[in-house]
2 protein chains.
Amino acid sequence: MQQGTSKRDEIIRVGAALIHARGYNATGLQEILDRASVPKGSFYFYFRSKEEFGVEIIDHFASIVGGIFSRHLRNGSIAPLRRLEELFRFFEGYYKKQEFAGGCPIGNLSLEMADASERLRTKLAAVIREIIGTITACLQEGVGDGSLRPDLDAAGTAEFIFHAFEGALLHMKVAKSVEPLRAFRKHVFRYIGRREGEPQQQGGS
Amino acid sequence: MQQGTSKRDEIIRVGAALIHARGYNATGLQEILDRASVPKGSFYFYFRSKEEFGVEIIDHFASIVGGIFSRHLRNGSIAPLRRLEELFRFFEGYYKKQEFAGGCPIGNLSLEMADASERLRTKLAAVIREIIGTITACLQEGVGDGSLRPDLDAAGTAEFIFHAFEGALLHMKVAKSVEPLRAFRKHVFRYIGRREGEPQQQGGS
DNA sequence: ACATCATAATAGACCGGTCGTCTATAATGT
DNA sequence: ACATTATAGACGACCGGTCTATTATGATGT
């Protein structure tokens, strides 16, 4: 009985992987179903339409990506700025393993689907809002413990960091290189006040 | 009628607009050809394949986007930092007019096509490299005239600015709001050293 | 002027894949 | 026995990119 659900989950799992690799429009239902060994007709028993399925795929990605952000940024056992560092170091390792393919599934779907489906657009916007919220909370902790300037605009800075990260992932995907992620890390931490592996130098206040 | 070429250009013009609005995969040749009033069969007289056509579409976008960057950032009549400000102000106005639809055509195609076509990927990477180069040159001018720290890593900073900008456009597209672009401008100029919120100029437009 | 010929351009057939629907069947639980 | 849950896959209508055959066009040689 629980296996009934697992079949549905399998469609989502396989579909998410395929959509992450090829994109939403370039991925056909047939291919997903073939790989999941699920007959065509069953799809419309589990999902109302491809768009409906897309919403669930976004939920799936949101829980994975959001989970990574949360696990790192809410880890109370290390200092807030350090958490940020570890987070982006983690992503760098992950994407190196993937040979820079795929990129951010949320970013990919955002650019591909925002103008095509209002349903998916609002869903994606909510996911992004939450991720930025997680970063914001971490920065606020940094303000609280004195490692960041007391007048720091945590929400705006978190948003800016998210922008730079997404842009770096885009650049990484197209350049097939770690370099964009390196530049991102270096400048993000310089911006918020931490030097990375470099001689500290007066940044001229 | 030596506009044999103009017919070809018309296909590119119409195709670029459609691909900018809907994406590469979601745009069919048929729709492009219908709107350009060119029969289906003629397409393969002008272009070898859809991918070949894609390369030309990227060239088209590159000349438009690259042109905007160049026109602003190589304008010797105003100070380098001011050029950057005007550039992003210009984009903000443009996207407001478009109601935040479309986003950056280069960014869109990068995420959609980088893993699907090596041909398009390298082309897109080159376009991005050139844009970052234009920003780099502008920053170097700023270093030269003393408005930026002498030890500024111009190339890395330019790259970082590009990342943040692309990320902001992504966020703008999905949130359908100017706010991401506002946050981007505020933090970018805070990072490179210009204080915002202080009346420093009249909106010269 | 006329026939010839290469090229420019068009027309539409072609096959395969798309999403989505439909009916038929099998497993399950009460 | 029977409704419910799930599987099965054919089918339709349509649209995708590509190809081959055909027709305009225009230059050339006599």
Side-chain angles (χ1 to χ4, degrees), chain A residues 1-58 108-109 112-113 115-120 123, chain B residues 1-58 60 108-109 112-113 115-121 123:
Chain A
M1 194 55 209
Q2 293 312 72
Q3 269 70 13
T5 359
S6 99
K7 203 123 209 197
R8 203 187 118 101
D9 290 348
E10 179 67 3
I11 300 176
I12 290 176
R13 225 183 45 75
V14 171
L18 233 22
I19 287 174
H20 187 200
R22 304 204 205 305
Y24 182 91
N25 285 306
T27 305
L29 262 8
Q30 195 60 66
E31 192 177 3
I32 297 171
L33 269 2
D34 285 352
R35 293 207 189 195
S37 299
V38 169
K40 181 76 168 287
S42 295
F43 180 86
Y44 285 86
F45 170 71
Y46 292 113
F47 309 96
R48 234 175 271 122
S49 65
K50 195 191 183 187
E51 187 183 36
E52 193 73 20
F53 179 64
V55 172
E56 302 228 28
I57 290 291
I58 293 173
N108 296 349
L109 284 173
E112 188 178 3
M113 302 307 293
D115 287 343
S117 160
E118 186 64 10
R119 188 90 191 287
L120 298 192
K123 186 95 206 162
Chain B
M1 192 207 256
Q2 36 81 269
Q3 268 114 336
T5 350
S6 100
K7 205 130 210 197
R8 205 187 117 99
D9 290 348
E10 179 68 1
I11 300 177
I12 290 176
R13 225 183 44 76
V14 171
L18 233 22
I19 286 174
H20 187 200
R22 303 204 204 307
Y24 182 89
N25 286 306
T27 303
L29 263 9
Q30 195 59 69
E31 192 177 1
I32 296 172
L33 270 3
D34 285 351
R35 293 207 190 194
S37 299
V38 170
K40 178 81 167 280
S42 296
F43 181 85
Y44 283 84
F45 169 70
Y46 294 113
F47 307 96
R48 232 177 273 122
S49 66
K50 197 192 182 188
E51 186 184 36
E52 195 73 22
F53 179 64
V55 172
E56 303 229 26
I57 290 291
I58 293 172
H60 180 81
N108 296 349
L109 284 174
E112 189 178 1
M113 302 307 294
D115 288 342
S117 160
E118 186 64 10
R119 188 90 191 288
L120 298 191
R121 202 211 103 223
K123 186 95 204 164

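Naming: A, B, ... by sequence-line order, numbering from 1 per chain.
Glu118(A) is linked by a side chain to side chain contact (heavy atoms under 4.5 Å, CB included) to Arg121(A), Thr122(A), counting only residues two or more places apart in sequence or in another chain. Partners of Glu51(A) by side chain to side chain contact (heavy atoms under 4.5 Å, CB included), not counting sequence neighbours, listed by chain and number: Tyr24(A), Ser49(A), Ser117(A), Arg119(A), Leu120(A). Residues passing the side chain to side chain contact (heavy atoms under 4.5 Å, CB included) test with Ala116(B), sequence neighbours excluded: Met113(B). Residues passing the side chain to side chain contact (heavy atoms under 4.5 Å, CB included) test with Asp115(B) are Ala101(A), Lys173(A), Lys176(A), sequence neighbours excluded.
The residues Glu10(A) and Lys7(A) are annotated as not salt-bridged, no charged nitrogen and carboxylate oxygen being separated by less than 4.0 angstrom.
Applying the 3.5 Å distance criterion, the base of dG20(C) shares a donor-acceptor pair with the side chain of Lys40(A).
The phosphate of dT21(C) (OP1 or OP2) has no side-chain N or O of Tyr44(A) nearer than 4.0 angstrom. Taking only side-chain nitrogens and oxygens, Ser42(A) never comes nearer than 4.0 Å to OP1 or OP2 of dA6(D).
One can place CZ of Phe45(A) at 17 Å from P of dT23(C), the figure rounded to the nearest angstrom. For the pair Phe43(A) CZ and dT7(D) P, the interatomic distance rounds to 14 Å; values are reported in whole Å. If you take CZ of Phe47(A) and C1' of dG20(C), they are 15 Å apart, rounded to a whole angstrom. Between the CZ atom of Arg48(A) and the P atom of dC22(C) there is a distance of 16 Å, given to the nearest Å. Here dG20(C) presents its P atom at 18 Å from OH of Tyr46(A), a figure rounded to the nearest Å.
The nucleotide whose nearest atom lies closest to any side-chain atom of Lys50(A) is, among dG17(D), dC19(C), dT7(D), dC19(C).
The list of salt bridge (Lys or Arg N to Asp or Glu O under 4.0 Å) pairs with a residue in residues 36-47 of chain B, not counting sequence neighbours, is empty.
Near DNA chain C, defined here as any heavy-atom distance below 4.0 Å, there are no residues from residues 22-38 of chain B.
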